[in-house]
Every structure is written in C-alpha cells, then in structure tokens.
Amino acid sequence: MDILITGGCGFIGTNLVNHLLTQPEVERVRTLDDYVTGRRREVPHARVEEIEGDLRNYDDVLRATEGVDAVVHLGALPSVPRSIKDPFSTNAVNVDGTLHVLEAARVTGVQHVSVASSSSVYGANPALPKTESLATLPLSPYAVTKLATEAYTNAYSTSYGLNTIAFRFFNVFGPLQRADHVYAAVIPKFLLALKNNEPLTVFGDGEQSRDFTSIHAVTDAITKAALRTVTCGTPVNLAFGTRTSLNGVIALLQELHNRPIKVEYVEPRQGDVKHSQASSELLSSLLPDVVQPDFVHALKEVYDWYMGS
Ligand SMILES: NC(=O)c1ccc[n+]([C@@H]2O[C@H](COP(=O)([O-])OP(=O)(O)OC[C@H]3O[C@@H](n4cnc5c(N)ncnc54)[C@H](O)[C@@H]3O)[C@@H](O)[C@H]2O)c1
C-alpha cells in the first residue's frame with residue numbers, strides 16, 4: 001500500500017511516517033508539506049518521498065495524490081491563537097486545503113481518507129465527557145475550520161461514496177513536537193522552559209484540564225484505520241477519556257525534574273476551553289485494539305527526549 005500524508009513533516013506526520021515504515025503492508029509513504037511548521041527529513045529514506053507543495057493549491061494536492069491508495073490529511077495551521085489573529089490564512093489552509101484533498105482523492109480513486117479534526121469543535125459545550133453526538137459550539141476560527149473539515153469529509157462519503165474517517169484529536173503529545181514557536185502546545189512549551197531553566201507559563205489558574213493523548217496511540221489508530229479501511233459516518237474522538245489538569249502535569253514534571261520548577265500564572269487565553277475529556281466508546285468499538293499508553297510513562301518518554309535533544 002502507498003500512503004500520502006499531508007502535513008507529513010509536522011509533529012504527528014513525522015511520527016506517523018516513522019510508524020508506517022514499520023508496517024509490512026506499507027510499501028511507500030509520500031508527504032505533502034510546505035514546511036511552514038514542519039521540517040524536512042534529516043536523513044532521506046528510500047521508501048519516503050517528500051513533495052513540497054501548498055494545500056491551498058489544488059494542482060499541488062492532485063500531483064501528490066496521484067497513485068496512492070490511502071490519504072491521511074494532517075496538513076493544517078493548527079493553532080487557536082493564530083486563527084484569532086489571522087482567520088483568513090487558517091481558513092484557506094484548513095478548509096480549502098481539506099476540500100482539495102477530498103476532491104483529489106475522489107478523482108484519483110483513493111481507497112481511504114483519514115482526516116484530522118480537533119476536540120476544539122466542542123468549544124463552549126460544557127458537557128463531559130465529550131461524546132461525538134454533543135452539539136458543537138466552536139469558540140475560535142480554528143475550531144470552525146475543523147468542524148468544516150469533518151463536515152466536508154462526511155459529505156464526500158455520502159455524496160461520492162469515498163471511504164472516510166474524521167478523527168477528533170485531543171491534546172496529542174510526544175517526541176518531535178516543536179516548542180520553539182509562539183503557537184506551540186503546552187507540554188512541549190513546559191519542557192522547553194524546563195530545559196532552559198525558565199519558569200513555566202500557565203494561562204489561568206492551571207486547573208484547566210485536558211485529555212492528553214500519547215502520539216503512539218494516535219499513530220497506531222490512524223495506521224490501523226488506513227490498513228483496515230475503517231470508515232465512520234460521524235467524527236470519532238481519538239482519545240481515551242482521561243483528564244489531567246495543567247497543575248497535575250506540572251506536579252508530574254516536578255517528580256521527573258531534579259531541580260525546583262518555577263511557575264508563572266498569567267491571564268487566561270482567549271478561545272481556550274476550560275476542560276476537555278473524550279468519550280472513547282466509539283473509538284473502542286471501531287478500533288478495539290488501540291489502547292492508551294500509560295500517561296506517566298509517556299510523559300517521561302517525552303521529558304527524556306526534550307532533555308536529551
Ligand atoms: N497536536 C495536537 O494536539 C492536535 C490536536 C487537535 C488537532 N490536531 C490536528 O492534527 C494535525 C496535525 O497537527 P500537528 O500537531 O502535527 O501540527 P504541525 O504544525 O506539526 O503539522 C502540520 C503540518 O502541516 C503543514 N502545513 C501547514 N500549512 C500547509 C500548507 N498550506 N500546505 C502544506 N502543508 C502545510 C506544516 O508545515 C506542518 O508540517 C492538524 O490538522 C491539527 O489541526 C492536532
């Protein structure tokens with residue numbers, strides 16, 4: 001099987017490429033990326049083809065899609081604050097880009113398409129855990145683009161019979177996640193601060209909680225969905241129903257770190273939700289053998305990776 005990964009040089013994409021290369025069924029992996037946040041592979045691999053291109057350009061997407069059996073669409077501008085500052089760019093990449101990917105998959109006869117949505121679509125809906133049938137109440141332009149992503153994906157399934165699945169990722173963390181840009185996610189930001197002996201910045205009181213999901217579970221689920229052509233008519237939460245506060249993460253990091261950790265609490269950030277926790281029932285019914293690695297173990301892995309890198 002040959003697989004295209006859009007955004008395949010980003011955090012989740014690079015981990016996914018590495019995981020796919022361990023699968024005997026996968027012959028070649030192709031990535032489409034414009035390297036806005038992603039990085040080129042340092043060491044070329046005989047089974048990996050990197051295509052430089054822009055999701056906003058349909059011809060780039062079509063060229064990258066020709067000849068592949070499956071597509072994993074991860075490419076996006078994945079930041080809430082960025083989308084608030086510049087909604088047009090986020091919309092162009094995330095919404096037009098998704099439409100280009102789905103259309104290219106349709107016209108080239110791709111067998112399976114997985115797309116990346118986000119828990120941010122639940123937005124202002126306070127219900128916990130987040131079951132997929134809950135009303136979506138996006139709080140940011142980014143969340144709207146992810147809602148459009150999954151809606152377009154479902155529409156391509158019902159209108160054209162494309163085999164699709166849209167995963168709602170929660171807070172994914174793991175090695176290779178970048179901390180060196182203003183829109184970085186919280187765990188890599190904390191780890192970079194620790195590495196640089198700087199205080200950890202927390203927006204709000206630190207009691208906000210997230211369903212932190214190990215990258216290994218995410219790459220495992222996406223891979224199994226592609227290899228088994230798993231489809232679903234509704235979006236699927238890709239998380240396991242755990243919930244850890246930022247103060248809880250800091251307490252665990254304190255146990256791993258030999259020196260005292262300083263924390264600075266600042267004003268809450270616009271567009272951020274207070275609590276997030278998935279219902280994982282649908283995921284378990286579709287992919288029962290995808291399991292969440294132990295959180296403390298996964299946090300130690302990523303801590304060791306940051307401190308060593
Ligand atoms: N990491 C998370 O916790 C999380 C949570 C929810 C949803 N997601 C979604 O998962 C996907 C992957 O996220 P990630 O954390 O790996 O982010 P990332 O920024 O590391 O990866 C995104 C990739 O898309 C590429 N890209 C951006 N604009 C592009 C364009 N116009 N053309 C081609 N490539 C482009 C970037 O260069 C990058 O390699 C995104 O769709 C994101 O919205 C991630």
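- For the side chain to side chain donor-acceptor pair (under 3.5 Å) test, no residue two or more places apart in sequence or in another chain qualifies with S276.
- Nearest heavy atoms, P288 versus S285: CD-O, 4.1 Å.
- The stretch residues 292-302 participates, sequence neighbours left out, in these salt bridge (Lys or Arg N to Asp or Glu O under 4.0 Å) pairs: K300-D304.
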Name each donor-acceptor pair under 3.5 Å that joins a side chain in residues 45-52 to protein atoms two or more places apart or in another chain, with its distance.
{"unit_1": "H45", "atom_1": "ND1", "unit_2": "R47", "atom_2": "N", "d": "3.0"}
{"unit_1": "R47", "atom_1": "NE", "unit_2": "E27", "atom_2": "O", "d": "3.0"}
{"unit_1": "R47", "atom_1": "NH1", "unit_2": "L21", "atom_2": "O", "d": "3.2"}
{"unit_1": "R47", "atom_1": "NH2", "unit_2": "L21", "atom_2": "O", "d": "3.4"}
{"unit_1": "R47", "atom_1": "NH2", "unit_2": "V26", "atom_2": "O", "d": "2.8"}
{"unit_1": "E49", "atom_1": "OE1", "unit_2": "R30", "atom_2": "NE", "d": "2.9"}
{"unit_1": "E50", "atom_1": "OE1", "unit_2": "Y35", "atom_2": "OH", "d": "2.9"}
{"unit_1": "E50", "atom_1": "OE2", "unit_2": "R41", "atom_2": "N", "d": "2.8"}
{"unit_1": "E52", "atom_1": "OE1", "unit_2": "R40", "atom_2": "NH2", "d": "2.9"}

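- Of all heavy-atom pairs spanning Q111 and T229, the tightest one is O-CG2, 4.0 Å.
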Problem set entry | From CA spacing to verdict: salt bridge (charged side-chain N to carboxylate O under 4.0 Å, His left out), K224, D220 | CA-CA 6 Å; K224 285 178 171 146; D220 187 33; 3.0 Å; yes

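- Residue pairs satisfying the salt bridge (Lys or Arg N to Asp or Glu O under 4.0 Å) criterion with at least one member in residues 98-118, sequence neighbours excluded, are listed as follows: E103-R106.
- In terms of modelled atom types and a separation under 3.5 Å, the side chain of N237 and the main chain of S279 share a donor-acceptor contact.
- Contacts of Y142 classified as side chain to side chain donor-acceptor pair (under 3.5 Å), with partners at least two apart in sequence or in another chain: none.
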Pairs of donor and acceptor atoms involving the side chains of residues 60-71, under 3.5 Å and at least two apart or interchain, shall be tabulated with distances.
{"unit_1": "D60", "atom_1": "OD2", "unit_2": "D54", "atom_2": "N", "d": "2.8"}
{"unit_1": "T65", "atom_1": "OG1", "unit_2": "V61", "atom_2": "O", "d": "2.6"}
{"unit_1": "D69", "atom_1": "OD2", "unit_2": "D2", "atom_2": "N", "d": "2.7"}

Exercise. Passes salt bridge (charged side-chain N to carboxylate O under 4.0 Å, His left out), K189 versus D180? Steps please.
Worked result: CA-CA 8 Å; K189 268 195 189 163; D180 57 347; over 6 Å; no

In a table with atom names and distances, give each donor-acceptor pair under 3.5 Å that connects a side chain of residues 256-266 to protein atoms at least two apart or in another chain.
{"unit_1": "H257", "atom_1": "ND1", "unit_2": "Y303", "atom_2": "OH", "d": "2.7"}
{"unit_1": "R259", "atom_1": "NH1", "unit_2": "N197", "atom_2": "OD1", "d": "3.1"}
{"unit_1": "Y265", "atom_1": "OH", "unit_2": "N247", "atom_2": "OD1", "d": "2.7"}

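- Hydrophobic side-chain contacts under 4.5 Å tie V43 to no other Ile, Leu, Val, Met, Phe, Trp or Tyr residue.
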Residues 164-176 side chain polar contacts: donor-acceptor under 3.5 Å, at least two apart:
{"unit_1": "R168", "atom_1": "NE", "unit_2": "E150", "atom_2": "OE1", "d": "3.1"}
{"unit_1": "R168", "atom_1": "NE", "unit_2": "E150", "atom_2": "OE2", "d": "3.3"}
{"unit_1": "R168", "atom_1": "NH1", "unit_2": "Y122", "atom_2": "OH", "d": "2.8"}
{"unit_1": "R168", "atom_1": "NH2", "unit_2": "E150", "atom_2": "OE2", "d": "2.4"}

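- Applying the side chain to side chain donor-acceptor pair (under 3.5 Å) test to K85 and every residue at least two apart in sequence or in another chain returns nothing.
- Around atom OH of Y156, more than 12 heavy atoms belonging to other residues, nucleotides or ligands sit under 6.0 Å away.
- Residue pairs meeting the salt bridge (Lys or Arg N to Asp or Glu O under 4.0 Å) criterion with at least one partner in residues 120-133, sequence neighbours excluded, do not occur; the list is empty.
- Residue I5 is not grouped with residue L102 when hydrophobic side chains (ILVMFWY) are merged at heavy-atom distances under 4.5 angstrom, including chains of intermediate members.
- Under a 4.5 Å side-chain heavy-atom criterion applied to ILVMFWY residues, the cluster that includes F88 comprises that residue alone.
- The minimum heavy-atom distance between P138 and A143, with the atom names listed, is CB-CB, 3.5 Å.
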